[in-house]
Undergrad: 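So that we are looking at the same thing, I have put the structure below in structure tokens.
Residue indices begin at 1 and follow the sequence shown.
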Amino acid sequence: MTGRLPRIAVVAGIAAVMAACASGPRKRVDGSVLEKLTIENRLLLFEAENELNIAVDARYQVLDEIEQIKVDIERAREKLEVAERDEDLFERKGDNERTMLAALRAETQRTRIDYLEARLDWARERLKVEDKRLLVAEAQFELAKARLVKKNNVPGASKIDLEDFEGQVDKYRAKAEAADRDVEDALVKLGEREEAWIQASRALQDASGGAYGSRWLDD
């Protein structure tokens, strides 16, 4: 069994990180009580630990997405500046066709920036949900520990009220479900902004004979 000891350290480490990073569940099983369980019994927490790991990973994925969207916004702004400079340059030269194409390129980038900013808002709302889901996973982890301690009747178990731990899970789950509504509202806005970008891209493609306007390639 000694080869499996690191998993217990991981369990304790995750709990410590969560407690330090955010305001975690109020009801927690004291570590000194948990330590009175056998290693074999503590390994029964694997499923709850796995759910906690999944919640942590999901949160980091959204964080990574947010950072990438910020990079995409900056790149789109740079392309907008180039298109606006081209529009001014060709207008001074009296090149009407290139002026029009540059103007359409600029409009495409403006609508793309609007879309990306809406996507950023959507991702931030999803991050709020993931924060709340993480609290649910933490609360479920604490509930799993409380049930295990009570089942094994270790010293200190009599002070643990399972109803308190179950109520804590229900409270955090309700908050996570409520936050989902804000995600849905942000998604509606995202769809509207994407449609405007699609229309601008199509106009640019038509005017340029397909040379410009791809939504997935750099123009």
Undergrad: Considering non-hydrogen atoms only, spot the tightest contact between Ser201 and Gly213 and give its length.
TA: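 Closest heavy-atom pair between Ser201 and Gly213: CB-O, 3.3 Å.
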Undergrad: Taking the basic N atoms (NZ, or NE/NH1/NH2) and the acidic carboxylate oxygens, is any pair closer than 4.0 Å for Asp131 and Arg59?
TA: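 Yes.
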Undergrad: Taking the side chain as everything from C-beta on, heavy atoms only, tell me whether Thr111 gets closer than 4.5 Å to Glu107.
TA: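 When only atoms from C-beta onward are counted, Glu107 and Thr111 do touch, with a gap below 4.5 Å.
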Undergrad: Look at atom CD of Glu47 and say whether more than 12 heavy atoms of other residues, nucleotides or ligands are closer to it than 6.0 Å.
TA: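 No, not enclosed.
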Undergrad: Taking Arg193 for the side chain and Asp114 for the main chain, is one N or O donor matched with an acceptor at less than 3.5 Å?
TA: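 Side chain of Arg193 to backbone of Asp114: a pair is present.
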Undergrad: With a 4.5 Å cut-off on side-chain heavy-atom distances among I, L, V, M, F, W and Y, is there a chain of contacts connecting Leu101 to Val82?
TA: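 As far as the 4.5 Å side-chain criterion goes, Val82 and Leu101 are not connected within one cluster.
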Undergrad: Would Arg119 and Glu194 pass as an ion pair if we require N to O under 4.0 Å?
TA: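 Salt bridge: no.
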Undergrad: Could you check Val56, Val62, Asp57 and say which one makes a side-chain contact (heavy atoms from CB on, under 4.5 Å) with Glu130?
TA: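 For Glu130, the side-chain contact (heavy atoms from CB on, under 4.5 Å) check succeeds only for Val62.
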Undergrad: Roughly how far, to the nearest 0.5 Å, is CD of Gln109 from CH2 of Trp197?
TA: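 One finds 8.5 Å between CH2 of Trp197 and CD of Gln109.
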Undergrad: Find the distance between CZ (Arg124) and CH2 (Trp122) and round it off to the nearest 0.5 Å.
TA: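 If I round to the nearest 0.5 Å, the distance is 14.5 Å.
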Undergrad: When hydrophobic residues are tied together by side-chain contacts of less than 4.5 Å, even through go-betweens, does Leu104 share a cluster with Leu80?
TA: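 No; Leu80 is not reachable from Leu104 via cluster members.
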Undergrad: Does a side chain donor of either Asn41 or Thr38 reach within less than 3.5 Å of an acceptor in the other side chain?
TA: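 Side-chain D/A pair, Asn41 to Thr38: present.
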Undergrad: Using a strict cut-off of less than 4.0 Å between a Lys/Arg side-chain nitrogen and an Asp/Glu carboxylate oxygen, indicate whether Arg77 and Glu117 qualify as a salt bridge.
TA: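 Counted as a salt bridge, because a side-chain N and a carboxylate O are separated by less than 4.0 Å.
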Undergrad: Please determine whether residues Ile54 and Leu143 belong to a single hydrophobic cluster, defined as Ile, Leu, Val, Met, Phe, Trp and Tyr linked transitively by side-chain heavy-atom distances below 4.5 Å.
TA: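 No, Ile54 and Leu143 fall in different hydrophobic clusters.
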Undergrad: Looking at Arg75 and Glu78, does any basic side-chain N land under 4.0 Å from a carboxylate oxygen?
TA: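 No, this pair does not count.
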Undergrad: What heavy-atom pair brings Ala146 and Val29 nearest, and what distance separates the two atoms?
TA: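 Minimum heavy-atom separation between Ala146 and Val29: N-CG2, 3.5 Å.
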Undergrad: Is the number of heavy atoms from other residues, nucleotides or ligands under 6.0 Å of Lys151 NZ greater than 12?
TA: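 No, because the 6.0 Å sphere around NZ of Lys151 holds 12 heavy atoms or fewer from other groups.
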Undergrad: Closer than 3.5 angstrom, by distance alone: can the side chain of Gln168 be matched with the main-chain N or O of Arg26 as a donor-acceptor pair?
TA: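 It does hold such a pair.
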Undergrad: Do the charged groups of Arg105 and Asp86 touch, with an N to O distance under 4.0 Å?
TA: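 Looking at Arg105 and Asp86, the cut-off is met.
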Undergrad: Between Ile66 and Tyr60, is there a shared hydrophobic cluster once you connect ILVMFWY residues whose side-chain heavy atoms come closer than 4.5 Å?
TA: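 Yes, Ile66 and Tyr60 fall within the same hydrophobic cluster.
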Undergrad: Are any side-chain N or O atoms of Asn50 and backbone N or O atoms of Phe46, one a donor and one an acceptor, separated by less than 3.5 Å?
TA: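 No; judged by distance alone, with no hydrogens or angles, the pair does not exist.
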Undergrad: To the closest 0.5 Å, what do you measure between CZ (Arg28) and CZ (Phe141)?
TA: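 Between Arg28 CZ and Phe141 CZ, I get 10.0 Å after rounding to 0.5 Å.
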Undergrad: Could you grab the distance from atom CD of Glu91 to atom CE of Met100, nearest 0.5 Å is fine?
TA: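 Spacing of CD (Glu91) from CE (Met100) equals 13.5 Å.
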Undergrad: Looking at CD of Gln205 and CD1 of Ile198, how far apart are the two atoms once the value is rounded to the nearest 0.5 Å?
TA: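 Spacing of CD (Gln205) from CD1 (Ile198) equals 11.0 Å.
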Undergrad: When you look at Lys145 and Glu49, which way does the side chain to side chain contact (heavy atoms under 4.5 Å, CB included) test go after all the steps?
TA: CA-CA 10 Å; Lys145 290 190 285 186; Glu49 176 203 354; over 6 Å; no
Undergrad: Flag yes if Leu52 and Leu148 sit in one hydrophobic cluster, no otherwise; membership is Ile, Leu, Val, Met, Phe, Trp, Tyr, and two members link when side-chain heavy atoms are under 4.5 Å apart.
TA: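 Yes: a chain of side-chain contacts under 4.5 Å links Leu52 to Leu148.
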Undergrad: In this structure, are over 12 heavy atoms from other groups packed under 6.0 Å from Arg98 atom CZ?
TA: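 No - once you tally the heavy atoms of other residues, nucleotides and ligands closer than 6.0 Å, there are 12 at most.
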Undergrad: With rounding to the nearest 0.5 Å, note down the distance linking CD in Glu125 to CG in Asp185.
TA: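 It comes to 8.5 Å.
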Undergrad: Is the cationic atom of Arg147 (NZ for Lys, CZ for Arg) positioned less than 6.0 Å from the six-membered ring centroid of Phe165 and within 45 degrees of its normal?
TA: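 Pair Arg147/Phe165 does not count as cation-pi.
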Undergrad: Quick check: does any side chain N or O of Asp161 sit under 3.5 Å from a backbone N or O of Glu163, one acting as donor and the other as acceptor?
TA: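 Answer holds: yes.
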Undergrad: Would you say Lys132's side chain and Ala179's backbone share a donor-acceptor pair under 3.5 angstrom?
TA: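 Not a single qualifying donor-acceptor pair exists.
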Undergrad: Salt bridge check: are Glu51 and Arg133 linked by an N-O gap of less than 4.0 Å?
TA: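 No salt bridge links Glu51 with Arg133.
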Undergrad: Which heavy-atom pair separates Lys150 from Ile160 by the least distance, and what is that distance?
TA: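 In this case the closest contact between Lys150 and Ile160 is NZ-O, 3.1 Å.
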Undergrad: Taking all heavy atoms of Thr108 and all of Ala200, pick out the closest pair and write down the distance.
TA: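 Of all heavy-atom pairs spanning Thr108 and Ala200, the closest is OG1-O, 3.3 Å.
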Undergrad: Mind running salt bridge (Lys or Arg N to Asp or Glu O under 4.0 Å) on Glu192 and Lys189 for me, showing each step along the way?
TA: CA-CA 5 Å; Glu192 294 170 351; Lys189 179 181 175 182; over 6 Å; no
Undergrad: Between the side chains of Glu65 and Arg126, is the shortest nitrogen-to-carboxylate-oxygen separation below 4.0 Å, so that they form an ion pair?
TA: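 Salt bridge flag = yes for Glu65 with Arg126.
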Undergrad: Between Asp170 and Arg173, is there a side-chain N and carboxylate O pair less than 4.0 Å apart?
TA: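 Salt bridge flag = yes for Arg173 with Asp170.
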Undergrad: Under 4.0 Å between a Lys/Arg side-chain N and an Asp/Glu carboxylate O for Arg181 and Glu184?
TA: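 Here Arg181 does not pair with Glu184 in a salt bridge, since their nearest N and O are not under 4.0 Å apart.
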Undergrad: Kindly indicate, with the supporting measurements, whether the criterion side chain to side chain contact (heavy atoms under 4.5 Å, CB included) is fulfilled by Glu67 and Val71.
TA: CA-CA 6 Å; Glu67 292 307 309; Val71 171; 5.8 Å; no
Undergrad: Around atom NZ of Lys175, are there more than 12 heavy atoms from other residues, nucleotides or ligands closer than 6.0 Å?
TA: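 Counting other residues, nucleotides and ligands, NZ of Lys175 stays at 12 neighbours or fewer.
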Undergrad: If you look at every heavy atom in Pro25 and Ala139, which pair is closest and at what distance?
TA: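 Heavy atoms only, the tightest pair is CG-N, 3.7 Å.
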Undergrad: Taking all non-hydrogen atoms of both residues, which atom of Ile113 and which atom of Ala76 are closest, and how far apart?
TA: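 Minimum heavy-atom contact is CG1-CB, 3.6 Å.
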